[in-house]
There are 2 protein chains.
Amino acid sequence: MPATIRDVARASGVHISTVSRTFSAPHLVNPETRVRVLACAEDLGYRPNRAARALITGRTHNIGLIVADIANPFFPPLIKAAEGQARHRDYHVFVADTNEDPVAEEDLVHALAKQVDGVLLCSPRMSNSLIEQVSREVPVVVINRQVAGLPCVMMDVGQGARSAIEHLLGLGHRRIALLGGPRGSWTNREMRRAAAAAARSGGADLTVLGPNQPTETGGGATAEAVRRSGVTAVLAYNDLMALGLIEGLDALGLRVPQDVSVIGVDDIALSRLTRPKLTTVATPTAAAGRTAVDMLLQHDSDAPRGARGRGAAAGDRRTTAQVMLQTVLVVRDSTGPAPEPGRNGAGA
Amino acid sequence: MPATIRDVARASGVHISTVSRTFSAPHLVNPETRVRVLACAEDLGYRPNRAARALITGRTHNIGLIVADIANPFFPPLIKAAEGQARHRDYHVFVADTNEDPVAEEDLVHALAKQVDGVLLCSPRMSNSLIEQVSREVPVVVINRQVAGLPCVMMDVGQGARSAIEHLLGLGHRRIALLGGPRGSWTNREMRRAAAAAARSGGADLTVLGPNQPTETGGGATAEAVRRSGVTAVLAYNDLMALGLIEGLDALGLRVPQDVSVIGVDDIALSRLTRPKLTTVATPTAAAGRTAVDMLLQHDSDAPRGARGRGAAAGDRRTTAQVMLQTVLVVRDSTGPAPEPGRNGAGA
DNA sequence: CGCAGTGGTGCAAAGGTTTGCAGCGAAGAA
DNA sequence: TTCTTCGCTGCAAACCTTTGCACCACTGCG
């Protein structure tokens with residue numbers, strides 16, 4: 001039913017190869033012929049079949065984007081940015097959600113492998129070695145993780161955590177908790193390392209609570225533990241957890257920031273809407289999405305997948321840039337001076 | 001470099017057609033042969049090329065999902081549900097974001113058409129006639145809109161709006177505003193119609209403000225207009241706008257729910273986290289996603305796209321079910337009794 | 001007049017898979 | 001024994017497009 005290149009050829013009285021060229025290399029065909037072909041194509045509603053094209057060119061003009069949880073407001077801006085950048089270059093983005101499950105993640109990347117030209121692995125939960133393995137099957141750019149030998153775009157959450165801790169130190173806090181994120185998260189390790197170092201050099205105690213589900217629920221579930229730990233400030237793995245925690249503390253009768261200061265990470269749109277407005281480490285998610293697409297497409301345009309032999313030994317184009325994007329602490333209303341010792345049941 | 005069906009055939013000493021059958025119709029091949037082939041395939045890391053398969057079967061095993069704004073928390077649950085349901089049936093979901101732009105929407109559906117077996121049009125902004133047109137190019141299921149002759153899954157926002165208005169009437173409100181959503185939204189029209197009817201029969205005034213961008217910003221921008229209108233309660237097009245409005249009213253010194261009651265629509269996760277917690281009309285988004293996938297896949301499995309002629313006249317299998325899912329009002333803290341007349345500057 | 005160059009077009013192979021049909025050997029029936 | 005039947009496998013066409021190569025008719029130059 002849908003018109004093929006052959007129908008157009010028949011209708012316009014030329015060979016199919018001429019029709020093909022009319023679309024993929026217009027400068028090679030006589031202007032008169034071209035307009036005739038285009039007219040017929042328009043007439044028949046012809047649109048090139050991308051699958052067939054992919055089969056022979058080895059490029060699908062699709063890229064896959066695998067995220068841990070599309071419902072986490074951290075991801076949509078990244079997805080939108082990636083989509084926009086991809087669209088500029090006539091690519092489409094295939095978004096898939098793993099529900100924070102490393103196994104689903106692997107399945108998905110395999111399933112995607114053959115129908116995309118490359119995959120963006122965003123905040124992966126699988127092991128580095130697995131990532132290296134799949135990267136042999138399909139070009140990969142990793143977001144929010146450092147993997148040796150692979151192109152990566154990271155956000156400097158280490159710096160962010162340091163700023164956050166220093167902000168808290170400046171407000172007089174000396175007992176601070178870090179709400180850990182999910183197992184397998186690179187961000188989590190980086191934050192932990194940086195926060196521990198900053199706390200130590202500031203003479204403060206850092207209690208690590210976790211791992212936790214990186215959601216409101218996960219954050220809320222730690223409220224009791226936070227209270228028992230007697231800290232006066234908390235740095236959460238992300239904004240969602242921070243908001244959940246604030247809610248949970250509220251239910252326990254602890255107020256933010258009077259009793260406990262809370263800092264999140266990501267600066268999701270929502271963090272400006274809650275009360276109190278959330279102090280948070282803003283991450284450049286849109287920039288990360290754009291950059292990752294650029295890296296994939298560049299890293300990928302030099303060697304069409306189904307390349308017909310003749311290729312250089314393969315492996316020589318390993319530029320594998322790794323870029324680190326800056327984060328910035330945004331101070332809002334969920335942080336305040338440390339409460340007077342003893343006023344709130346720190347040790348109680 | 002990636003192993004093809006031919007490599008596996010060579011390695012296991014059978015014809016490629018046997019390998020093909022091993023994967024697509026295992027019962028047709030001798031168990032011994034099968035295990036040998038599977039072993040070789042495993043060994044070579046062979047995975048069927050979906051593009052090539054699509055070329056001949058006419059089915060890509062992908063479905064497209066077009067949403068207006070992936071950053072709107074209304075969509076992720078729907079997307080996740082659709083993905084889950086699709087995955088069960090060995091389909092993948094291709095998500096694309098139109099940024100609320102009807103033109104981008106049309107482009108996208110055309111671009112997607114050839115690489116998916118069907119498209120889910122979620123909260124479309126384009127005209128009905130355009131939708132009918134694209135539905136001739138690729139099977140379509142429409143979500144959140146009623147289009148004659150096309151399978152649709154809708155949420156009963158009319159009922160929801162009615163409940164919301166009645167809730168407000170019960171609290172004594174008589175001057176109510178409806179914050180309209182974007183132009184072209186079916187939901188918007190339905191809400192408006194139902195809200196107007198409910199208000200009229202309750203003896204209340206309904207002021208319609210809009211259209212507006214269906215975002216926090218869009219909601220916040222109406223705060224001034226809401227104040228000037230002198231209403232004591234507002235029903236917003238969605239939760240995001242409701243939250244933005246609350247924020248905006250706060251900036252004007254009006255408190256929710258003491259001075260103004262606010263109701264949203266969608267019951268996004270976030271509406272439980274804000275203060276005050278939002279009273280809202282909960283929509284069954286996950287169910288909508290699942291249902292839409294089911295309808296598409298059923299409606300679609302009877303006639304493989306590239307069907308080799310012989311087909312019945314085409315158009316006879318128009319079952320075109322249209323399902324309406326129920327909504328329910330969730331009362332939380334953003335609604336309260338109407339303020340005493342005159343206490344708040346209604347007419348001022 | 002001959003020849004090289006050039007712009008436009010056709011030819012056919014290739015890409016990886018599915019599938020209707022035919023063929024083969026063995027088992028069962030007559 | 002001969003004829004079916006049946007389970008399994010091979011053959012080859014088909015899906016739609018791209019692209020290197022060959023071909024043709026001109027043009028312009030020597």
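Residue numbering restarts at 1 for every chain, and letters A, B, ... go by the order of the sequence lines.
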* **Carboxylate-amine/guanidinium proximity below 4.0 Å for Glu137(A) and Lys114(A)** => no
* Asked: Are Lys80(B) and Asp69(A) within salt-bridge range, i.e. N to O under 4.0 Å?
  ->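 Salt bridge between Lys80(B) and Asp69(A), a charged N being under 4.0 Å from a carboxylate O: yes.
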Taking atom [atom2] of [N] as reference, at what distance in whole Å does atom [atom1] of [X] sit?
{"X": "Arg59(A)", "N": "dG16(C)", "atom1": "CZ", "atom2": "P", "answer": "15 Å"}
{"X": "Ile56(B)", "N": "dA13(D)", "atom1": "CD1", "atom2": "P", "answer": "13 Å"}
{"X": "Arg36(A)", "N": "dG8(C)", "atom1": "CZ", "atom2": "P", "answer": "13 Å"}
{"X": "Arg53(B)", "N": "dC15(D)", "atom1": "CZ", "atom2": "P", "answer": "19 Å"}
{"X": "Ile5(A)", "N": "dC15(D)", "atom1": "CD1", "atom2": "P", "answer": "14 Å"}
{"X": "Gln115(B)", "N": "dC16(D)", "atom1": "CD", "atom2": "P", "answer": "16 Å"}
{"X": "Arg6(A)", "N": "dC11(C)", "atom1": "CZ", "atom2": "P", "answer": "12 Å"}
{"X": "Arg50(B)", "N": "dT17(C)", "atom1": "CZ", "atom2": "P", "answer": "13 Å"}

* **Residue met sooner reading DNA chain C from 5', once Leu28(A) and Val19(B) are mapped to nucleotides** => Leu28(A)
* Mapping Ile16(B) and Ser24(A) to their closest nucleotides on DNA chain D, which lands nearer the 5' end? ->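 The residue mapped nearer the 5' terminus is Ile16(B).
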* Asked: Is it true that the side chains of Asp294(A) and Gln85(A) contain a donor and an acceptor less than 3.5 Å apart?
  ->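 Result is yes, a qualifying pair exists.
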* **Check: Asn128(B)/Arg145(B) side-chain N/O donor and acceptor closer than 3.5 Å** =>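 There is such a pair between these side chains.
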Under 4.0 Å from OP1 or OP2 of [N]: is there any side-chain N or O of [X] that close?
{"X": "His15(A)", "N": "dT9(C)", "result": "no"}
{"X": "Thr33(B)", "N": "dT9(D)", "result": "yes"}
{"X": "Ser20(A)", "N": "dT18(D)", "result": "yes"}
{"X": "Thr18(A)", "N": "dG10(C)", "result": "yes"}
{"X": "Thr4(B)", "N": "dG16(C)", "result": "no"}

Side chain of [X] only, heavy atoms from C-beta on: which candidate in [options] is closest?
{"X": "Asn49(B)", "options": "dC11(D), dG16(C), dT9(C)", "result": "dG16(C)"}
{"X": "Arg21(A)", "options": "dC11(C), dT17(D), dT9(D)", "result": "dC11(C)"}
{"X": "Ser17(B)", "options": "dG10(D), dT17(C), dT19(D)", "result": "dG10(D)"}
{"X": "Asn30(B)", "options": "dT17(C), dT9(D), dG8(C)", "result": "dT9(D)"}

* Structure fact -> In short, His61(B) meets Asp90(B) closest at the heavy-atom pair ND1-O, 2.7 Å
* Asked: With a 4.0 Å cut-off on heavy atoms, is Tyr46(A) in touch with a base, just the backbone sugar-phosphate, or nothing at all?
  -> sugar-phosphate
